[in-house]
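Inspection log for the structure reproduced underneath, given as C-alpha coordinates.
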Amino acid sequence: NEGVDFGFSFGGEEPGAETVPGKYTFSITSKDSKDNLLDYVKAIEDSRFLVNLSSLDLWRQDNTFNLTLGGEVFYR
(Lines give C-alpha, C1' and ligand atoms only; values in the text may rest on other atoms or scores of the structure.)
Protein backbone atom coordinates (compact mmCIF):
# COMPACT_ATOMS: atom_id res chain seq x y z
CA ASN A 1 0.00 0.00 0.00
CA GLU A 2 1.15 3.49 -0.74
CA GLY A 3 2.12 5.41 2.37
CA VAL A 4 2.39 2.36 4.62
CA ASP A 5 4.99 2.73 7.36
CA PHE A 6 6.17 -0.47 9.06
CA GLY A 7 8.85 -1.26 11.64
CA PHE A 8 9.81 -4.52 13.34
CA SER A 9 12.44 -5.27 15.97
CA PHE A 10 13.40 -8.23 18.09
CA GLY A 11 13.99 -7.65 21.77
CA GLY A 12 15.66 -10.13 24.07
CA GLU A 13 15.75 -13.89 24.02
CA GLU A 14 14.98 -16.18 26.93
CA PRO A 15 16.35 -19.66 26.21
CA GLY A 16 14.06 -22.52 27.10
CA ALA A 17 14.62 -25.48 29.38
CA GLU A 18 13.61 -29.10 29.07
CA THR A 19 9.98 -28.42 30.00
CA VAL A 20 9.74 -24.71 29.18
CA PRO A 21 9.88 -23.24 25.67
CA GLY A 22 12.25 -20.41 24.81
CA LYS A 23 10.93 -17.08 23.66
CA TYR A 24 11.86 -13.94 21.78
CA THR A 25 10.24 -10.59 22.48
CA PHE A 26 9.35 -8.31 19.59
CA SER A 27 7.80 -4.95 18.81
CA ILE A 28 6.00 -3.71 15.72
CA THR A 29 5.01 -0.21 14.65
CA SER A 30 2.90 0.54 11.61
CA LYS A 31 0.71 3.17 9.98
CA ASP A 32 -2.13 2.21 7.63
CA SER A 33 -5.92 2.06 7.51
CA LYS A 34 -7.67 0.72 10.60
CA ASP A 35 -9.01 -2.30 8.70
CA ASN A 36 -5.58 -3.24 7.31
CA LEU A 37 -3.96 -2.94 10.75
CA LEU A 38 -6.64 -5.06 12.41
CA ASP A 39 -6.32 -7.67 9.62
CA TYR A 40 -2.57 -7.74 10.27
CA VAL A 41 -3.10 -8.34 14.01
CA LYS A 42 -5.58 -11.13 13.21
CA ALA A 43 -3.03 -12.75 10.87
CA ILE A 44 -0.45 -12.75 13.69
CA GLU A 45 -2.97 -14.33 16.07
CA ASP A 46 -3.87 -17.00 13.48
CA SER A 47 -0.28 -17.83 12.52
CA ARG A 48 1.20 -21.28 13.05
CA PHE A 49 3.52 -19.86 15.71
CA LEU A 50 2.64 -19.61 19.38
CA VAL A 51 2.47 -15.86 19.96
CA ASN A 52 1.51 -13.86 23.05
CA LEU A 53 0.48 -10.29 22.27
CA SER A 54 1.33 -8.39 25.44
CA SER A 55 0.46 -4.85 24.34
CA LEU A 56 -1.50 -3.20 21.55
CA ASP A 57 -2.07 0.52 21.02
CA LEU A 58 -4.13 1.76 18.08
CA TRP A 59 -4.85 5.44 17.57
CA ARG A 60 -5.92 7.81 14.83
CA GLN A 61 -3.76 10.66 13.58
CA ASP A 62 -5.44 12.70 10.86
CA ASN A 63 -6.53 10.18 8.18
CA THR A 64 -4.13 7.42 9.23
CA PHE A 65 -4.16 4.92 12.06
CA ASN A 66 -1.03 4.09 14.06
CA LEU A 67 -0.30 0.72 15.65
CA THR A 68 2.24 -0.20 18.30
CA LEU A 69 2.30 -3.88 19.16
CA GLY A 70 4.47 -5.83 21.59
CA GLY A 71 4.66 -9.55 22.14
CA GLU A 72 6.54 -12.78 22.48
CA VAL A 73 7.01 -15.70 20.10
CA PHE A 74 7.77 -19.08 21.66
CA TYR A 75 9.99 -21.84 20.29
CA ARG A 76 11.36 -25.26 21.21
Side-chain angles (χ1 to χ4, degrees):
N1 290 348
E2 185 177 317
V4 173
D5 184 9
F6 180 84
F8 181 92
S9 64
F10 277 111
E13 176 188 9
E14 287 185 29
E18 187 173 321
T19 59
V20 178
K23 67 180 177 181
Y24 287 101
T25 59
F26 66 87
S27 63
I28 295 171
T29 59
S30 188
K31 294 181 183 180
D32 202 342
S33 71
K34 179 179 75 171
D35 290 340
N36 285 348
L37 292 173
L38 293 177
D39 287 346
Y40 182 71
V41 171
K42 181 71 172 149
I44 292 171
E45 291 176 328
D46 292 343
S47 76
R48 64 183 181 101
F49 299 101
L50 181 57
V51 177
N52 174 42
L53 299 179
S54 57
S55 65
L56 187 150
D57 291 314
L58 180 68
W59 70 97
R60 184 176 184 167
Q61 184 177 10
D62 300 322
N63 293 328
T64 303
F65 282 82
N66 297 275
L67 172 73
T68 301
L69 181 67
E72 305 162 319
V73 61
F74 297 91
Y75 67 90
R76 278 244 179 247

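FYI, side chains are in, hydrogens and waters are out, and symmetry mates aren't considered; it's all heavy atoms of this structure. Quick caveat, the model's predicted, so the values are computed rather than measured.
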Original post:
So does Asp46 have more than 12 non-hydrogen atoms from other groups sitting under 6.0 Å from CG?
Top reply: yes
Subject >> NZ on Lys34 to CG on Asp39, rounded to 0.5 Å >> reply: 11.5 Å
Subject >> Which residues share a side-chain hydrogen bond (donor to acceptor under 3.5 Å, both in side chains) with Ser27, sequence neighbours left out >> reply: Ser9
Original post:
Just how far is it from atom CG of Asn36 to atom CG of Leu38, taken to the nearest 0.5 Å?
Top reply: 9.0 Å
**OP:** Any chance you could pull the hydrophobic cluster mates of Val20, using side-chain heavy atoms under 4.5 angstrom and chaining through other members?
**Re:** none
**OP:** Output the distance between atom CZ (Arg60) and atom CZ (Phe65), rounded to the nearest 0.5 Å.
**Re:** 5.0 Å
Original post:
Would you say Leu58 and Val51 are hydrophobically clustered, going by side-chain heavy atoms of ILVMFWY under 4.5 Å?
Top reply: yes
Side-chain donor-acceptor distances from residues 66-76 under 3.5 Å, at least two apart:
{"residue": "Asn66", "atom": "ND2", "partner": "Gln61", "partner atom": "OE1", "Å": "3.3"}
{"residue": "Glu72", "atom": "OE1", "partner": "Asn52", "partner atom": "ND2", "Å": "3.0"}
{"residue": "Glu72", "atom": "OE2", "partner": "Lys23", "partner atom": "NZ", "Å": "2.8"}
{"residue": "Tyr75", "atom": "OH", "partner": "Glu13", "partner atom": "OE2", "Å": "2.3"}

Original post:
Can Leu56 be reached from Ile44 by stepping across I, L, V, M, F, W or Y side chains whose heavy atoms are under 4.5 Å apart?
Top reply: yes
Original post:
Looking at Phe26 versus Phe10, is the centre-to-centre ring distance below 6.0 Å?
Top reply: no
Subject >> Enclosure of Phe8 CZ (heavy-atom neighbours >12, cutoff 6.0 Å) >> reply: yes
Original post:
Can you find a heavy atom in the side chain of Asp32 that is under 4.5 Å from one in the side chain of Thr64?
Top reply: no
Original post:
How about Phe6 and Tyr40: are their ring centres within less than 6.0 Å of each other?
Top reply: yes
